[in-house]
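So the structure is just underneath, and the comments pick up after that.
In the text below, chain A, chain B and the rest are named by the order of the sequence lines, each starting its count at 1.
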Amino acid sequence: MDPIRVGIVSYGFSGFSPSVPSKSFREMVFEAASKAYAKVGLNPRTDVDAFVSCKEDFWEGISITDEFAPDQLGGALKPVFTVTGDGLLGIINAYMMIKTGAFDVIAVEAHGKPSEVMSYGDIERMAQDPIYLRPLAFPSYHTVKALEARAFMKYSNLTREDLGIYVSQSKRNGLLSNRAPHASSLTVDSYLSERELVGPLSHSDLAPRSDAALVFVLASEGRARELTDSPTWITGVGWATDYHTPSYRELGRDIATKNASEMAFRQAGLGDPGKQLAFVEADERYSFMALMEVSSMGLVKDLRQPLRSGDLSRDGSLPVNRRGGALSEGLPLEAHGLARLASACDLLDGTGAVVSNMGNTSAVLVVRP
Amino acid sequence: MTDFKVTPLSEDSFRNAIRESTSPRAVYDMAPGEAYTKFFEGLREGKILGTKCPSCGLVHVPPKVYCQYCYLPLTQWVEVKDEGFVETAVVVYIAAERERLEKPEVVGVIRLEGSGDRYRYPGLMHRICTEPEEVKSSRIMGAKVKARWATERKGSINDIECFEVVSWK
Ligand SMILES: [Zn+2]
């Protein structure tokens, strides 16, 4: 028997604004889900077999938050489960469920309302080792990422100017997006004149926050072809988690992303992904992360050359975040990976890799038309 | 009797053990959303508002902007009576860490009049102002109750102080 293929048939979104004060997160998810279902004429009460919701209790301010997941998706009293992680992990779970043959159509949701988290830094701090690291009370939760940025830049021989090339290009790409309130035509020069905030990172290296919800519908091949003429096929998935404490990790490279991508590329049959991929949608919680992922996935040998020559720009041979990433859209917490996937679906003109990395868990998807 | 080999721990051993305490600071400012905002505005005016599903007819209290059973948007607002029947109730004698309360509290689920079937109905979980004895004897089950409104209301679920018994079953 041939393996079951899995396709993305639709998605919908709500928000992508620094703050959405008029709607609760459930109302935002309802809006996103209604749009996703309407595009392909699905009634979730009868046509969707299961639902996946991605969120974390501490961001929600609700413990056992899975009970708050079903209604707005149309999943009341139906199979629903929650993933405490980025939305791409939810997509991977739905993909596997469909692969079992037990489910034909699955909806996946992720949302974030960081505007409601008044103690953001303290919530981030809760992710640190409580016995050993938290008592050190480092002033900013950006510290760990800045350490990674410094190590990565040394490993890849990148300068602040190189980061500036990426930031400027990605924020310009965002100008072409319909969900990127922070996009701008920032120049490398003005980037370089920004004051350091933490380590090598300045203001424009840190993604601002935004409130957003996204809902995707996945289906088995037969159903996918009935529902749409242009499904986005998922041909490989991979994920891996690295250790939480920085001194145990290799900081110059992202080994979790390396391992996740090897798994996904193998499934997708990509022997030379650096040449075979038409685009990358990369995590952009911090500017350097997108570059670190491109490098850790083994897509380029020396980052400096493609970065400086424009190969990673939207007209280059391996464009990264062609409609901008979190630097332009803002970071909607767990929904960031789905925002990347949405861009991949919008512009799908070849085989692409979609990556998210939240905490130290990396998820990689290979998609193609 | 079995002879267990044990190592007794003194108070001192406990005191001298290395520990690290942590105090999460989790502060949120949550948007009630379209449905709850209108619901709370209603409470401020002494009204209980719900949204009615055009398909199944269920009145949702507390309201939602969608019917989770029919997956339709709900735009029809209706006022339901501030009277209903006690579905179930308990006497609570303890606080979160099982400390005995000085004064026990009666908490219940009120089925408001308007629509629904055995399982689905407009309703509220709230305090019931009644004697613990009435609950322990189960006399409270099915009793007719009415909202006791706070004199000063500010658009919150506490604009209803509690539900009081109007008549026994
Ligand atoms: Zn209904």
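Summarising the local packing, CD of B/E99 is surrounded by more than 12 heavy atoms from other residues, nucleotides or ligands at distances under 6.0 Å. More than 12 heavy atoms of other shown residues, nucleotides or ligands fall within 6.0 angstrom of atom CE in A/M118. Taking a 6.0 Å sphere around CG of A/L77, one finds it holds 12 or fewer heavy atoms contributed by other residues, nucleotides or ligands. Taking a 6.0 Å sphere around NZ of B/K52, one finds it holds 12 or fewer heavy atoms contributed by other residues, nucleotides or ligands. When the shell of 6.0 Å around CD of B/E87 is examined, it contains more than 12 heavy atoms from other residues, nucleotides or ligands. Within a 6.0 Å sphere centred on NZ of A/K78, heavy atoms belonging to other residues, nucleotides or ligands number more than 12. Residue-environment remark: CD1 (B/I94) exceeds the threshold of 12 foreign heavy atoms within 6.0 Å.
Looking at B/E20 and A/P135, their side chains come closer than 4.5 Å, going by heavy atoms from C-beta outward. Counting only heavy atoms from C-beta outward, the side chains of A/D71 and B/Y71 never approach each other to under 4.5 Å.
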Could you walk me through whether A/R26 and B/K64 pass side chain to side chain contact (heavy atoms under 4.5 Å, CB included), step by step? CA-CA 9 Å; A/R26 305 173 85 175; B/K64 298 185 177 197; 4.2 Å; yes
Evaluate the criterion side chain to side chain contact (heavy atoms under 4.5 Å, CB included) for residue pair A/Q72 and B/Y66; output intermediate values, then yes/no. CA-CA 7 Å; A/Q72 56 270 25; B/Y66 49 82; 3.4 Å; yes
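Listed by sequence position, A/D57, A/F58, A/W59, A/E60, A/G61 are the residues of residues 53-61 of chain A in contact with chain B, using a 4.5 angstrom heavy-atom cutoff. Interface with chain B: from residues 37-48 of chain A, residues A/Y37, A/P44, A/R45 qualify, criterion being any non-hydrogen pair under 4.5 Å.
Between chain A and the residues B/P32, B/P73, B/A26, B/A31, the most heavy-atom pairs under 4.5 angstrom are made by B/A31. Between chain A and the residues B/G33, B/A35, B/P24, the largest count of heavy-atom pairs under 4.5 Å involves B/G33.
A/E27 places no side-chain N or O within donor-acceptor distance of the main-chain N or O of B/V65, the cut-off being under 3.5 Å. Between the B/T22 side chain and the A/P130 main chain, no donor and acceptor come within less than 3.5 Å of each other.
Neither the backbone nor the side chain of B/C67 comes within less than 4.5 Å of any heavy atom in chain A.
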